[in-house]
Amino acid sequence: MNNNQQPSYVQSNLNEGVGELILNRPDVHNAFDEVMIAQMITAIEAFAADPQCQVLVLRANGKNFSAGADLNWMRKQAQMDFEQNLNDANELAKLMHLLDKFPKPSLALVQGAAFGGALGLICCCDIAISNSRASFCLSEVKLGLLPAVISPYVVRAMGNRQARRYMLTAERFDAQSALTHQVIHEINDDLDAAAKPFIDAFKANSPQGMAWVKTLVSRLEDGVIDEATLAYTSEKIARIRVSTEGQEGLNAFFDKRQPNWSQAATPAKGAQ
Ligand SMILES: C/C(=C\C(=O)SCCNC(=O)CCNC(=O)[C@H](O)C(C)(C)COP(=O)(O)OP(=O)(O)OC[C@H]1O[C@@H](n2cnc3c(N)ncnc32)[C@H](O)[C@@H]1OP(=O)(O)O)CC(=O)O
């Protein structure tokens with residue numbers, strides 16, 4: 001229980017620049033209701049604002065990563081009016097959006113089942129790694145529901161063609177298929193070992209540069225390369241190369257030293 005006498009469905013801790021957000025409702029396979037969604041939002045906002053946090057790791061306690069939305073929570077929403085239903089859905093949408101726009105690199109570590117909304121959380125993270133026994137499912141239509149709030153992130157990751165298949169069939173797919181369909185980046189039964197090189201790279205890179213990469217890639221999502229795109233990209237590099245971090249990175253390269261933001265144990269490649 002936390003100070004407000006609510007159960008603590010998430011744990012968060014910050015260690016050496018790594019903010020861990022741990023789903024902690026293993027008795028229902030980390031299914032999330034309105035309380036857990038609110039707790040996730042609070043933790044993500046805190047990590048986003050904390051300059052000590054350089055990387056976000058999303059992981060889960062228990063056998064499964066997450067069974068998605070809590071089906072008891074969804075069922076009891078029939079007793080609420082449309083306005084209340086919409087408010088609840090908006091909170092889930094806010095959670096996905098905050099995670100997607102998180103201004104630092106994010107990494108999801110997935111074990112066991114990742115169903116429904118859990119796939120949304122995974123697809124909002126920059127990197128996702130699962131173990132070989134992980135299984136994935138967009139089960140919503142089996143339940144008479146719709147993968148709605150999660151759809152922008154899942155469709156972006158899998159592509160329209162595969163999203164249609166898995167959303168319409170609600171079939172389970174394994175880690176290998178998740179890798180093929182770009183839901184995850186890597187399969188490894190030692191999730192911590194697999195995460196380490198990513199975390200080390202993120203801690204060595206320019207925080208400002210990585211934040212801008214996320215904004216830039218998001219801005220380019222529509223795939224349109226027109227005059228406005230050219231102007232946008234030119235403006236970004238023109239600004240960043242004269243910024244404090246831009247100049248520090250360039251000076252560090254020529255001085256053959258680590259830039260002052262870096263927590264890399266060894267000099268970054270290219271700076272030697
Ligand atoms: C975000 C949007 C929509 C959604 O996310 S809809 C939810 C989609 N999720 C699912 O379809 C998952 C349903 N669960 C399962 O398929 C299985 O439980 C499992 C996760 C594969 C695990 O299977 P296992 O055999 O190990 O365990 P049990 O099935 O016996 O479950 C134990 C226990 O947990 C309860 N439970 C499981 N999932 C949920 C859940 N999502 N919500 C609430 N409770 C859940 C299950 O009922 C069992 O309870 P008992 O009391 O022990 O019987 C919409 C949008 O995008 O907008």
Side-chain angles (χ1 to χ4, degrees), residues 6-10 21-41 44 58-80 82-101 108-125 128 130-160 162-178 181 183-184:
Q6 278 183 331
S8 294
Y9 289 151
V10 303
L21 172 51
I22 307 170
L23 310 183
N24 186 37
R25 209 186 169 201
D27 50 322
V28 284
H29 310 291
N30 299 310
F32 41 80
D33 63 1
E34 77 277 29
V35 174
M36 188 161 164
I37 290 169
Q39 291 176 359
M40 284 193 267
I41 288 174
I44 292 170
L58 174 65
R59 63 192 312 163
N61 284 334
K63 180 173 94 164
N64 295 306
F65 177 74
S66 168
D70 182 330
L71 297 173
N72 282 314
W73 168 58
M74 287 230 169
R75 187 166 57 168
K76 82 174 185 227
Q77 282 162 338
Q79 290 144 30
M80 298 177 186
F82 179 71
E83 206 59 38
Q84 289 169 308
N85 259 291
L86 196 57
N87 286 341
D88 263 11
N90 282 338
E91 285 305 294
L92 183 57
K94 178 179 171 184
L95 167 63
M96 299 285 161
H97 185 69
L98 280 173
L99 188 55
D100 188 55
K101 298 287 179 224
L109 300 182
V110 181
Q111 81 283 15
F115 278 40
L119 262 162
L121 294 175
I122 293 167
C123 293
C124 288
C125 288
S130 88
N131 67 11
S132 55
R133 293 173 310 285
S135 69
F136 302 81
C137 185
L138 292 158
S139 57
E140 284 86 348
V141 296
K142 251 190 199 164
L143 301 160
L145 303 173
L146 175 70
V149 164
I150 63 170
S151 60
Y153 313 103
V154 173
V155 172
R156 181 184 61 193
M158 299 184 91
N160 218 289
Q162 298 303 335
R164 282 192 191 205
R165 168 180 171 174
Y166 290 102
M167 286 181 177
L168 287 171
T169 61
E171 67 197 287
R172 276 192 193 211
F173 53 103
D174 63 11
Q176 191 53 54
S177 299
H181 301 317
V183 171
I184 57 170

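Whatever order the structure lists them in is the order used to number ligands and atoms, beginning at 1.
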Sub-3.5 Å pairs, protein N or O with ligand 1 N or O:
residue  : atom   : partner : partner atom : Å
ligand 1 : 5 (O)  : Ala69   : N            : 2.9
ligand 1 : 5 (O)  : Gly117  : N            : 2.8
ligand 1 : 9 (N)  : Ala67   : O            : 2.8
ligand 1 : 11 (O) : Ser139  : OG           : 2.6
ligand 1 : 26 (O) : Lys63   : NZ           : 2.8
ligand 1 : 27 (O) : His29   : NE2          : 3.1
ligand 1 : 31 (O) : His29   : NE2          : 3.1
ligand 1 : 41 (N) : Ala67   : O            : 3.1
ligand 1 : 41 (N) : Ala69   : O            : 3.0
ligand 1 : 42 (N) : Leu71   : N            : 2.8
ligand 1 : 56 (O) : Ala148  : N            : 3.1
ligand 1 : 56 (O) : Val149  : N            : 3.2
ligand 1 : 56 (O) : Ile150  : N            : 3.3
ligand 1 : 57 (O) : Ala148  : N            : 3.3
ligand 1 : 57 (O) : Val149  : N            : 2.8

Do any pairs count as a side chain to side chain donor-acceptor pair (under 3.5 Å) and have a residue in residues 132-146, sequence neighbours left out, and if so which ones? Ser132-Asp189

Electrostatic pair Asp100-Arg156, nearest N-O below 4.0 angstrom: yes

Would you say that Pro152 contacts Met96 through its side chain, given a criterion of any heavy-atom pair below 4.5 Å between the two side chains? no

Pairing residues for Tyr166 by the ring-ring contact (aromatic ring centres under 6.0 Å, His included) criterion, not counting sequence neighbours: Phe173, His181

Contact between Leu98 and Met40 at the side-chain level, heavy atoms closer than 4.5 Å - yes or no? no

For Tyr9, which residues count as a ring-ring contact (aromatic ring centres under 6.0 Å, His included) partner, sequence neighbours excluded? none

